[in-house]
S.K.: 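Encoded as structure tokens, here's the structure I'll be asking about.
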Protein chains: 2
Amino acid sequence: MGGVNRADDRTGGVGGMRGTGGGANLLALRSHNTALVLDLLRTAGADGISRLELAERTGLTPQAVSKITARLRADGLAAQAGRRASTGGKPRTVLRLVPEAGHAVGVHLDRDEVRVVLVDLRGAVVGERRAALDLGAGAEAVLGAVREAVAAVREAVAAVPPAGFDRALLGAGVALPGPLDHARGVLHRVTGFPEWDGFPLREALAERLGVPVVVDKDTNAAALGLAAGGEGGSFAYLHLGTGLGAGLVIGGSVHRGARTGAEEFGHQVIQLDGPPCTCGDRGCVEALCLGAVARGDVEEAARVLGTGAANLVGLLDIDVVLLGGRTVAAAPDAFVHGVAAVLEERARRTGQDAVPVRVAAGGGRAVAVGAAQLVLGPVFGRGDG
Amino acid sequence: MGGVNRADDRTGGVGGMRGTGGGANLLALRSHNTALVLDLLRTAGADGISRLELAERTGLTPQAVSKITARLRADGLAAQAGRRASTGGKPRTVLRLVPEAGHAVGVHLDRDEVRVVLVDLRGAVVGERRAALDLGAGAEAVLGAVREAVAAVREAVAAVPPAGFDRALLGAGVALPGPLDHARGVLHRVTGFPEWDGFPLREALAERLGVPVVVDKDTNAAALGLAAGGEGGSFAYLHLGTGLGAGLVIGGSVHRGARTGAEEFGHQVIQLDGPPCTCGDRGCVEALCLGAVARGDVEEAARVLGTGAANLVGLLDIDVVLLGGRTVAAAPDAFVHGVAAVLEERARRTGQDAVPVRVAAGGGRAVAVGAAQLVLGPVFGRGDG
DNA sequence: ACCACTTTCGCAACGCTGTTGCCAAAGTGC
DNA sequence: GCACTTTGGCAACAGCGTTGCGAAAGTGGT
């Protein structure tokens with residue numbers, strides 16, 4: 001290890017911290033490093049990870065890792081899990097995350113139903129509940145239904161063994177369609193339901209549930225869930241259902257604009273003076289893509305979607321394109337191949353490797369699971385996603 | 001101030017730190033907070049800023065700020081600069097950055113000339129030199145010319161009073177056209193000059209100049225320069241010259257992809273099956289825009305550029321669009337108004353405020369000045385830009 | 001002119017961080 | 001069975017920001 005300070009040769013430093021404020025004290029430093037270790041424990045999964053490996057990956061000294069993991073074990077968040085084979089000396093003891101040391105609920109508030117999942121620290125679903133719901137039935141009814149569904153899931157899980165575990169609920173993440181103010185938890189223009197305009201959902205729900213609440217757009221939540229599910233680097237999640245939206249993950253974190261209008265992927269113009277779109281513009285990807293679907297021309301829809309994806313890939317250097325939504329689910333292969341074809345053609349021209357295209361994992365509960373990650377993310381140092 | 005830990009009620013914490021590694025020790029914490037203070041001192045400019053103001057803005061305690069600024073003063077980086085009016089007690093002493101405590105050179109390596117600037121810590125130009133240069137003349141000739149130009153600027157500045165100042169050269173930033181590997185400083189496919197392919201420019205130049213070197217794409221450097229020049233938040237710099245490129249600043253930092261292909265703004269398709277582009281695709285913004293310019297139809301060129309910009313604004317929630325480059329400089333008003341018109345039309349539809357459009361400041365030496373910021377940025381905690 | 005009060009800001013002691021030096025524990029290999 | 005390697009905890013340590021306190025330097029009332 002030598003006498004040289006090991007963190008000195010890192011390029012990153014503490015990094016980050018844009019905007020105002022950002023002074024860091026010892027508490028911030030401690031929680032930062034703790035979150036880092038927790039994140040590595042989570043990534044390691046059931047295999048576990050040794051202290052020295054943690055030290056190598058974080059750049060901290062083994063002794064610092066020992067201190068941090070000792071605290072985590074004392075708090076019940078980590079546990080010893082066997083040992084590795086010796087390499088000529090004392091074998092490394094393997095540590096693993098204790099998934100049931102904390103939980104989070106994820107709420108997917110859709111136009112016609114609410115879906116609630118309870119996940120553990122790993123992000124694994126341990127309870128789920130769906131209920132029909134009219135998003136236009138008014139705030140009281142909707143909030144009540146959410147409260148009920150959340151309570152039902154919590155009770156169901158609490159009833160089954162193994163009992164005695166700490167079922168600490170860290171908070172609730174809520175995802176719903178339409179732009180909103182993520183930072184303040186206030187809704188804006190929920191498509192088709194103007195009565196929600198300006199509604200302080202986070203505050204109202206936090207009061208009813210008695211736990212911290214985070215709200216976000218459904219596509220962002222889905223993208224976040226995919227990122228937590230092992231999808232690394234930068235990727236775009238394109239959701240093609242009744243509309244066309246996207247969630248963007250850049251460098252591991254979800255991109256949200258300062259305003260609410262971010263990720264209007266569907267209203268990117270790719271056909272100057274093309275057919276009119278519901279948004280009032282002409283030649284939007286959404287209009288072209290859904291128009292082709294309506295005509296039954298899935299091939300053309302995929303090509304159009306691929307062109308929009310190619311623009312994104314070129315602009316932001318995306319690593320993977322993931323497709324989701326009901327329309328994609330109806331003909332997954334056609335869409336994947338069609339989009340991939342456009343990207344491969346592009347890669348052939350630029351001489352680079354083609355960006356892979358896949359159907360997003362998670363299926364129908366991807367958004368709810370991602371919403372839960374809105375709460376879990378910060379625990380593992382993922383900012384707000 | 002009370003007994004409560006003040007950093008606890010911040011949402012940010014130490015934050016950031018994506019990817020592997022990232023363990024932070026006390027040294028990292030110290031340099032983080034120091035950089036934060038330096039950045040505020042720089043932003044304050046000649047007006048200066050008081051210790052208590054620094055404390056409020058960073059979230060640190062006044063005492064911590066006093067310690068940090070004492071170190072900075074001892075190092076010659078900060079100095080007392082008068083005092084403010086009293087508000088009923090001891091008046092605050094104002095601190096300011098000592099600009100001449102450090103310098104950086106910025107090199108703009110263009111196809112036909114090299115432009116070198118020497119800037120102080122504020123980013124103000126204190127020396128400049130231009131020289132004709134054939135980028136295709138081979139590595140030896142080009143590197144020699146750069147070395148000569150840099151040496152000439154340094155000597156010219158060292159010769160003029162006020163003498164005796166610490167003229168510490170922190171490093172050199174180099175900007176040039178075409179994609180490259182920013183992290184490793186290796187070139188890729190410099191448009192029109194295939195012989196530079198894979199050339200380790202950073203290493204080669206660092207050896208000749210004897211100072212650390214950072215390389216980046218010209219549009220990224222220009223965007224970084226604009227960000228350092230007071231342009232806040234997220235913005236896009238669109239450069240329309242012999243080609244069409246863009247530099248993206250998201251949340252105060254330059255966006256670079258993991259690969260080299262990021263920000264291929266000009267090859268965004270906005271006209272399906274449109275006219276062929278030099279890149280091999282059809283309907284790229286660059287082809288349409290430059291085609292219109294060639295026909296003398298500046299109005300149409302601006303509309304096309306505006307459509308591309310609108311796509312960007314919608315996708316990434318950009319705050320400002322800045323235009324630059326020779327073609328824009330030839331008819332600035334036409335381009336600004338034409339692009340603004342598209343964005344205003346878009347804003348009218350979505351019911352939001354229109355994103356403003358301006359001509360980028362800095363003129364012909366914007367890239368060189370921005371290149372210097374590649375070196376200065378990290379000093380002020382701006383990561384690598 | 002004097003004194004009470006407010007505000008700024010440095011010194012000293014403190015708690016806590018990660019680091020270093022050292023040693024016990026627990027394996028492998030001759 | 002002994003030498004060696006590797007792991008990881010204990011204790012002392014340097015250095016970070018924080019807290020307690022007091023000197024410095026103004027204002028405003030008397």
Side-chain angles (χ1 to χ4, degrees), chain A residues 1-8 10 13-14 21-37 48-56 58-74 78 80 82-95, chain B residues 1-10 13-14 22-37 48-56 58-74 78 80 82-95:
Chain A
M1 225 116 290
V4 190
N5 188 309
R6 299 175 60 196
D8 262 351
R10 321 203 128 267
V14 179
N25 58 14
L26 292 170
L27 246 116
L29 186 134
R30 166 175 163 165
S31 68
H32 170 73
N33 286 342
T34 303
L36 223 57
V37 169
I49 184 170
S50 71
R51 285 178 183 76
L52 272 117
E53 218 171 323
L54 286 170
E56 284 167 23
T58 56
L60 296 170
T61 58
Q63 190 54 32
V65 171
S66 275
K67 274 192 181 177
I68 291 168
T69 54
R71 276 200 305 264
L72 290 177
R73 283 191 302 156
Q80 312 262 61
R83 45 181 53 184
R84 290 228 202 293
S86 167
T87 60
K90 178 176 177 178
R92 305 181 173 186
T93 40
V94 175
L95 299 169
Chain B
M1 225 116 285
V4 190
N5 187 309
R6 300 175 59 196
D8 263 348
D9 48 7
R10 319 203 129 265
V14 179
N25 57 17
L26 293 171
L27 247 116
L29 187 131
R30 167 175 162 164
S31 67
H32 170 73
N33 287 342
T34 303
L36 223 55
V37 169
I49 184 170
S50 71
R51 286 178 183 77
L52 269 114
E53 217 171 324
L54 286 169
E56 283 168 25
T58 55
L60 296 170
T61 56
Q63 190 53 35
V65 171
S66 274
K67 274 194 182 178
I68 292 168
T69 54
R71 277 200 303 266
L72 290 177
R73 284 193 300 155
Q80 312 263 64
R83 45 181 54 182
R84 289 228 201 292
S86 167
T87 59
K90 179 175 177 178
R92 305 181 173 186
T93 39
V94 175
L95 299 169

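Everything numeric here is computed off the predicted structure, so don't read it as measured data. Numbered from 1 within each chain, the chains take letters A, B, ... in sequence-line order.
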S.K.: What residues form a side chain to side chain donor-acceptor pair (under 3.5 Å) with Q80(A), not counting sequence neighbours?
M.R.: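 Once residues adjacent in sequence are excluded, the partners of Q80(A) under the side chain to side chain donor-acceptor pair (under 3.5 Å) criterion are R51(A).
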S.K.: Among T93(A), I49(A), V37(A), which residue satisfies the side-chain contact (heavy atoms from CB on, under 4.5 Å) criterion with T69(A)?
M.R.: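 Checked T93(A), I49(A), V37(A) against T69(A); only one passes side-chain contact (heavy atoms from CB on, under 4.5 Å): V37(A).
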S.K.: What is the distance from CD of Q80(A) to C1' of dG8(D), rounded to the nearest Å?
M.R.: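 Going from Q80(A) (CD) to dG8(D) (C1'), I get 10 Å.
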S.K.: Hey, could you give me the NE2/CG distance between H32(A) and L27(A), rounded to the nearest 0.5 Å?
M.R.: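 Those atoms lie 14.0 Å apart.
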S.K.: If you compare every side-chain N and O of N33(A) against the phosphate oxygens of dG18(C) (OP1, OP2), does one of them come in below 4.0 Å?
M.R.: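 Answer is yes, contact under 4.0 Å.
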S.K.: How long is the straight-line distance from CG of N33(B) back to CG of L54(B), given to the nearest 0.5 Å?
M.R.: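 Going from the CG atom of L54(B) to the CG atom of N33(B) covers 11.5 Å.
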S.K.: Measure CG/L52(B) against P/dC9(C) and give the value in whole Å, please.
M.R.: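 So the two atoms are 6 Å apart, to the nearest Å.
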S.K.: Using 0.5 Å steps for rounding, measure from the CZ atom of R30(A) to the CZ atom of R71(A).
M.R.: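 Answer for the CZ-CZ pair, R30(A) versus R71(A), is 4.0 Å.
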S.K.: Walk me through it: do L60(A) and I68(A) pass the test side chain to side chain contact (heavy atoms under 4.5 Å, CB included)?
M.R.: CA-CA 10 Å; L60(A) 296 170; I68(A) 291 168; 4.0 Å; yes
S.K.: Between L26(A) (CG) and dT17(C) (P), how many Å, whole number?
M.R.: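 These atoms are roughly 7 Å apart.
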S.K.: Looking at dT18(D), I'd like to know if its phosphate oxygens (OP1 or OP2) sit under 4.0 Å from a side-chain N or O belonging to T61(B).
M.R.: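 Checking dT18(D) against T61(B), a side-chain N or O does come within under 4.0 Å of OP1 or OP2.
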S.K.: Whole-Å distance between dT17(C) P and H32(A) NE2?
M.R.: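 The answer, rounded to whole Å, is 15 Å.
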S.K.: Measure all distances between protein nitrogen or oxygen atoms and nitrogen or oxygen atoms of nucleotides 27-30 of chain C, and list the pairs falling under 3.5 Å.
M.R.:
{"unit_1": "dG27(C)", "atom_1": "OP1", "unit_2": "R83(A)", "atom_2": "NH1", "d": "2.6"}
{"unit_1": "dG27(C)", "atom_1": "N2", "unit_2": "G88(A)", "atom_2": "O", "d": "3.0"}

S.K.: Could you tell me the separation between the NZ atom of K90(B) and the CZ atom of R84(B), rounded to the nearest 0.5 Å?
M.R.: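 The CZ atom of R84(B) is 15.5 Å from NZ of K90(B), to the nearest 0.5 Å.
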S.K.: Rounded to whole Å, please give me the gap between CZ in R84(B) and C1' in dA25(D).
M.R.: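 Interatomic distance, CZ of R84(B) to C1' of dA25(D): 17 Å.
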S.K.: Could you tell me the separation between the CD atom of E56(B) and the C1' atom of dT7(C), rounded to a whole number of Å?
M.R.: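 Whole-Å distance recorded here is 13 Å.
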S.K.: Expressed as a whole number of angstroms, how long is the span from I49(B):CD1 to dT8(C):P?
M.R.: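 Rounded to the whole Å, the gap is 14 Å.
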S.K.: Taking CG from L27(B) and C1' from dT17(C), how many angstroms apart are they, rounded to a whole number?
M.R.: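 These atoms are roughly 12 Å apart.
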S.K.: Is the phosphate of dG9(D) approached by R51(A) (side-chain N or O, under 4.0 Å from OP1 or OP2)?
M.R.: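 Yes, because at least one side-chain N or O of R51(A) sits under 4.0 Å from OP1 or OP2 of dG9(D).
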S.K.: Hey, can you pull the residues of residues 63-73 of chain B with a non-hydrogen atom under 4.0 angstrom from DNA chain D?
M.R.: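 Within residues 63-73 of chain B, the residues near DNA chain D are Q63(B), A64(B), K67(B), I68(B).
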S.K.: What nucleic acid atoms does S50(B) come within less than 4.0 Å of, heavy atoms only: base, sugar-phosphate, or nothing?
M.R.: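 No contact at all - S50(B) keeps every heavy atom at 4.0 Å or more from the nucleic acid.
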S.K.: For L95(B) and R73(B), what are the C-alpha separation, side-chain angles and deciding distance, and is it a side chain to side chain contact (heavy atoms under 4.5 Å, CB included)?
M.R.: CA-CA 9 Å; L95(B) 299 169; R73(B) 284 193 300 155; 4.2 Å; yes
S.K.: Want to settle it: does V94(A) or R30(B) sit nearer the 5' end of DNA chain D, counting the closest nucleotide to each?
M.R.: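 Counting from the 5' end, the first nearest nucleotide belongs to V94(A).
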